[in-house]
Amino acid sequence: MSCFVVSCGGFCIHRRNQVFLEKNKICRNKQGRRVDLSRNLLVAVLPKTPTPQKDPVQEKETKKDKETPVQEDSFFSLVLSRVVDTIDDAIVHFNRSFFPPKIEPDARKPVLAVLGTGWAAHSLIKVIDTVRYDVKVISPRNYFLFTPMLPSTAVGTVEFRSIVETFRTANPFVDYLEAFCVDVDFEKQMAICECNIPGEKRRFQVYYDYLVVAVGAATNTFGTPGVQEHCYFLKEISDARGLRRAIVERFELASFPDISQEEKYRLLTFVVVGGGPTGCEFAAELHDFLVQDLKKYYPKLFGDVQVLLLQSGDSILTQFDRTLQDKALENFRQSNIQVITKARVTEVTSTHIRLKDGTEIPYGLAVWAAGNGTQPLTKLMLSKIPEQKEARGRLLVDKWLRVKGVSNVFAMGDCAAMEPVPLPATAQVAGQQGAYLARLFNRDYCLSCPVPESEGNSVAPLARWRPGGSPEIAKPFQFLSLGILAYIGRERAMAQIETGVEKIKMAGVLTYLLWQSVYITKQVSFRNRVLVLFDWFKTRVFGRDMSQF
Ligand SMILES: Cc1cc2nc3c(=O)[nH]c(=O)nc-3n(C[C@H](O)[C@H](O)[C@H](O)COP(=O)(O)OP(=O)(O)OC[C@H]3O[C@@H](n4cnc5c(N)ncnc54)[C@H](O)[C@@H]3O)c2cc1C
């Protein structure tokens, strides 16, 4: 049986399985657990150990859920509702900026712990109302990273600091802890963390009323021997920084007089493993760097340079329509990027890449961009929740982003898979999910219990419940796909834009201008926009900076 608690002002009353709570007071539920609420906030608390009895409300809902599928909005009504949501978010921003909340050290608000500072967490933090929640962000990095431009920073087209925003700028009213969450005690509602400041070996626990898991994905090596030791990844700023250094280093090394021709050829062979957007965009950026800058500064070596792109499938950029995939292949051919399809890497040594068919490719630098794997924390959580047995490396969540099998825990972005059909692991999805979840919190929706039985209004398990009023069902998360873009080199890009009616496909130089304007618009702050524009201008006029330090 479930027990839920409602903040309505006055005093605490137990009614059947309900507890009504006074504004800002701390109450205990039937199990004796402390339940703290802020004003006008409805929070429902499920018993930690569900009783074996069947809950008639839940049972009825499950039946109805099956009978009445939740209606999805059309493309245009979805766009409209996003516009309305954005205005709502802007009001929260405005209030935060011009009427900053008073800091009251003793005020007890529900603690919302957020794991991560990536796309999903960043958009949640921007929108969340810190007047209602005590938000604690736990992440090993204190900044948001605009990942789509990471390949540009790895070759110096754009500087590292231009695509990051410190987390405290996004919302100064959240508490930030520079740490990894290493475990979660779902019973005690505690996130167990380890400090990520070098030399500091602190381990501590953070209590949460609600936990939002947004730890993203790890790079998937598919257990291929040698990948971890010898390949570069492209996930974090530190990876891009390492790559930028290593590329120029290969040229410096190949310039030594005692290097044989064969060794020179090996050192200047750049291999990218993975024909998805990350691999292709990096290969494209690398090509530009080689042709526009390195060719000028290392004219004697340039004849020995080659770029290979290995893809295990039979095409690249498979998210795009076939005609666009062919255009990308043709553009790579013209750029002298050798695309080798059906190439499955079985081993990487310090000097060679071995393929399944026995081919050995000597290489100087290899970048591994072959797909997403599971973060250690996600793996641990999956192993602790029996209801997640069917999960395939991502936490299964319902349409309201609640993690299956545990109460008060939500997951979004790359670490979550929405049932029944998982959404793609992209920044677009993660960003929309973060803002959506923040709105659920801001708009008083009950987030931890089934809808109270009333007027047949129980198709979904979330409701905004106001005393005397009828529950209002929260809309489930719906992804608004605006299309996909990819840079393919030589100042050309591809776009597949969704309009709700048809897909618009385009590729070429004009699409590159579209790509640039979208990436500028999508930057998370005005500062980032200015910096990226300035970097593009600098690169065009002076070339990329190749100094090593
Ligand atoms: C090079 C590159 C290019 C891309 N280009 C595009 C693109 O053009 N378009 C697109 O839509 N998508 C793109 N993506 C994919 C996109 O970046 C991801 O889908 C998106 O970042 C997912 O967001 P997220 O919030 O789930 O995870 P992330 O953004 O990866 O954030 C995860 C956060 O969790 C933190 N974290 C990790 N472990 C822990 C822990 N144990 N405890 C606490 N915090 C932890 C990390 O430090 C990080 O802050 C690209 C990805 C890469 C790598």
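Whatever order the structure lists them in is the order used to number ligands and atoms, beginning at 1.
Considering backbone and side-chain atoms together, Tyr519 places an N or O closer than 3.5 Å to an N or O of ligand 1. Between Ala425 and ligand 1, a contact under 3.5 Å exists for at least one N or O pair. In terms of polar-atom proximity, defined here as any N/O pair under 3.5 Å, Glu281 makes no such contact with ligand 1. Of the polar atoms of Trp119, at least one N or O is found under 3.5 Å from an N or O of ligand 1, judged by distance alone. In terms of polar-atom proximity, Ala427 is counted as a contact of ligand 1, with an N or O under 3.5 Å from an N or O of the ligand.
In this structure, Tyr176 has no ring pair (Phe, Tyr, Trp, His ring centres under 6.0 Å) partners at least two apart in sequence or on a different chain. Remark: Ser383 pairs with Leu380 by the side-chain contact (heavy atoms from CB on, under 4.5 Å) rule, at least two apart or across chains.
For ligand 1, the atoms lying closer than 4.0 Å to a non-hydrogen atom of Ala430 are 22 (C), 23 (O). Near Thr278, meaning under 4.0 Å from one of its heavy atoms, ligand 1 places the atoms 1 (C), 2 (C), 3 (C), 52 (C). Atoms of ligand 1 lying under 4.0 Å from at least one heavy atom of Gln428, given by number and element, are 11 (O). Each of the following atoms of ligand 1 lies closer than 4.0 Å to a heavy atom of Ala214: 32 (C), 33 (C), 34 (O). Which parts of ligand 1 touch Phe180 is read off a 4.0 Å heavy-atom cut-off, strictly below it: atoms 40 (C), 41 (N), 42 (N). Distances below 4.0 Å separate heavy atoms of Cys181 from the following atoms of ligand 1: 40 (C), 41 (N), 42 (N), 43 (C).
At a heavy-atom distance under 4.0 Å, only backbone atoms of Ile138 (N, CA, C or O) approach ligand 1. Both the backbone and the side chain of Thr147 come within contact range of ligand 1, each with a heavy atom under 4.0 Å. Looking at Gln375 against ligand 1, only its side chain comes within 4.0 Å, counting heavy atoms.
Looking from atom 18 (C) of ligand 1 to the surrounding protein, the closest heavy atom is Asp414 OD2, 3.3 Å. Nearest protein heavy-atom neighbour of atom 28 (P) of ligand 1: Gly118 CA, 3.9 Å. In this structure, the protein non-hydrogen atom closest to atom 37 (C) of ligand 1 is Val215 O, 3.4 Å. Summary of contacts: the protein heavy atom closest to atom 45 (C) of ligand 1 is Pro140 CD, 3.5 Å. Among all non-hydrogen protein atoms, the one lying nearest atom 48 (C) of ligand 1 is Arg141 CZ, 3.7 Å. Nearest protein heavy-atom contact of atom 7 (C) of ligand 1 is Pro148 CG, 3.6 Å. The protein non-hydrogen atom at the shortest distance from atom 30 (O) of ligand 1 is Gly216 CA, 4.0 Å.
Judged purely by atom type and a 3.5 angstrom limit, Gln523 uses its side chain to pair as donor or acceptor with the backbone of Tyr519. Remark: side-chain polar atoms of Thr511 are not paired, donor with acceptor, to backbone N or O of Ala495 under 3.5 angstrom. Asn196 places a side-chain N or O within 3.5 Å of a backbone atom of Pro140 that can act as its donor or acceptor partner. Proximity of a side-chain donor or acceptor of Asn171 to a complementary backbone N or O of Lys126 within less than 3.5 Å is not detected. No side-chain donor-acceptor contact under 3.5 Å links Thr221 to the backbone of Gln228. Between the Asn528 side chain and the Val524 main chain, no donor and acceptor come within less than 3.5 Å of each other. Between the Gln433 side chain and the Gly413 main chain, a donor and an acceptor come within less than 3.5 Å of each other.
Closest to atom 25 (O) of ligand 1 by heavy atom, among Pro151, Ala120, Ser139, is Ala120. Nearest to atom 53 (C) of ligand 1 by heavy atom, out of Val114, Asp183, Leu234, Leu177, is Leu234.
Close placement of the Tyr512 and Tyr487 rings is indicated, their centers lying within 6.0 Å of each other. The distance between the ring centers of Trp400 and Tyr436 does not fall below 6.0 angstrom.
Not close to ligand 1: Tyr143, with no non-hydrogen atom less than 4.0 angstrom away. Using a 4.0 Å cutoff on heavy atoms, Pro277 does not count as a contact of ligand 1.
Between Phe410 and the choices Phe441, Phe477, Tyr208, the ring pair (Phe, Tyr, Trp, His ring centres under 6.0 Å) rule is met once, by Phe441.
Cation-pi check for Arg244 over Phe160 is met; the charged atom lies under 6.0 angstrom from the ring centroid and within 45 degrees of its normal.
Side-chain contact between Ile128 and Asn442 is present, with heavy atoms from C-beta onward closer than 4.5 Å.
The aromatic rings of Tyr133 and Tyr210 sit perpendicular to each other, their planes meeting at more than 60°, with 30° as the lower class boundary.
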